Amino acid sequence: MTQAIAQQQNQKRAASALKWLQDNKRTQFSSELKPKSAQFPVMIHSAGLGQACAFYKSRENGTAEKALYEKLSRWLTQEMDEPIYANTPTGQSDLLAAITTSSQDKYRLAQIEAQAYLFWIKHLAKAELAGSET
């Protein structure tokens with residue numbers, strides 16, 4: 001039964017990522033989604049979730065980095081069946097605010113979930129979007 005639950009969660013990640021990519025195919029930043037979606041999980045792995053999110057959030061509106069940060073933020077604070085950061089002490093829906101006000105245990109769970117979710121965005125971007133990966 002645990003395997004079925006894990007598969008269902010993985011399917012939800014994939015469906016959410018695919019819908020988001022399809023909705024953003026024709027945006028001004030769509031050509032950057034492929035390379036930036038590949039870089040985000042690498043940055044999380046090397047620098048940590050908080051630092052990677054701070055970097056992506058700091059980018060200007062209308063960029064692939066900012067869009068990826070906002071999507072990941074919504075996933076971890078609102079869109080999951082049981083969002084990791086749904087009940088933060090300050091009730092924040094912004095990922096960085098939630099990271100800075102929650103426990104280390106939630107941070108570790110969020111980092112694992114972020115990697116799993118971004119896996120789908122990265123691989124589906126390769127399949128769905130035209131353009132270079134560099």
Side-chain angles (χ1 to χ4, degrees):
M1 182 153 155
T2 304
Q3 185 177 4
I5 292 170
Q7 182 178 10
Q8 183 182 20
Q9 184 61 29
N10 215 22
Q11 289 170 323
K12 289 177 183 180
R13 288 181 196 115
S16 171
L18 181 60
K19 181 181 181 330
W20 182 76
L21 285 165
Q22 289 173 336
D23 290 347
N24 286 285
K25 267 186 177 179
R26 305 212 191 304
T27 60
Q28 64 190 24
F29 56 79
S30 63
S31 65
E32 290 293 311
L33 275 175
K34 218 189 264 191
K36 299 305 179 185
S37 67
Q39 293 168 358
F40 203 1
V42 173
M43 187 178 283
I44 290 171
H45 181 76
S46 63
L49 179 64
Q51 292 85 345
C53 286
F55 176 80
Y56 270 58
K57 183 181 181 181
S58 72
R59 299 298 160 206
E60 293 180 28
N61 286 330
T63 62
E65 293 103 326
K66 185 76 167 223
L68 283 161
Y69 167 77
E70 289 171 351
K71 179 56 182 164
L72 181 61
S73 182
R74 283 192 308 276
W75 179 254
L76 293 173
T77 64
Q78 300 166 14
E79 294 176 358
M80 293 175 64
D81 286 344
E82 295 180 26
I84 293 168
Y85 288 123
N87 299 315
T88 60
T90 59
Q92 296 291 327
S93 61
D94 177 74
L95 183 54
L96 277 179
I99 286 170
T100 61
T101 59
S102 294
S103 71
Q104 189 67 24
D105 289 338
K106 280 192 177 190
Y107 180 85
R108 285 189 201 108
L109 285 174
Q111 187 160 301
I112 292 166
E113 180 61 31
Q115 291 286 35
Y117 188 70
L118 290 171
F119 168 88
W120 280 107
I121 289 181
K122 175 179 130 180
H123 288 285
L124 291 170
K126 287 181 185 178
E128 292 290 315
L129 303 173
S132 172
E133 294 180 26
T134 57

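Please read all numbers here as calculations on a predicted model, not as lab measurements.
- Around the CD atom of Gln104, the shell of radius 6.0 Å holds more than 12 heavy atoms that belong to other residues, nucleotides or ligands.
- We find the CD-NE2 distance between Gln115 and His45 to be 8.0 Å, quoted to the nearest 0.5 Å.
- Remark: Glu113 CD to Leu49 CG distance equals 11.0 Å, nearest 0.5 Å.
- Taken to the nearest 0.5 Å, the CD atom of Glu65 stands 10.0 Å off from the CD atom of Glu60.
- Between the OH atom of Tyr117 and the CG atom of Leu72 there is a distance of 8.0 Å, given to the nearest 0.5 Å.
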Item checked: Chi angles and distances behind the side-chain hydrogen bond (donor to acceptor under 3.5 Å, both in side chains) call for Tyr69, Asp94 -> CA-CA 10 Å; Tyr69 167 77; Asp94 177 74; 2.9 Å; yes
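- Taking every heavy atom of both residues into account, Tyr56 and Lys36 meet most closely at OH-O, 3.0 Å.
- Annotation: His123, atom NE2; neighbour count of heavy atoms from other residues, nucleotides and ligands within 6.0 Å is above 12.
- Checked by atom type and distance alone, the side chain of Ser30 pairs as donor or acceptor with a backbone atom of Thr27 at under 3.5 Å.
- Closest of all the heavy-atom pairs between Pro41 and Lys122 is CG-CD, 4.5 Å.
- To the nearest 0.5 Å, atoms CD1 (Ile121) and NZ (Lys71) are separated by 7.0 Å.
- Side chain of Thr100 to backbone of Leu96: a donor-acceptor contact under 3.5 angstrom is found.
- Side chain of Ser102 to backbone of Ile99: no donor-acceptor contact under 3.5 angstrom is found.
- For Tyr85 (side chain) and Ala97 (main-chain N/O), no donor-acceptor pair under 3.5 Å exists by modelled atom type.
- Stacking of Arg59 on the aromatic ring of Phe55 is recorded, both the 6.0 Å distance cut-off and the 45° axial limit being met.
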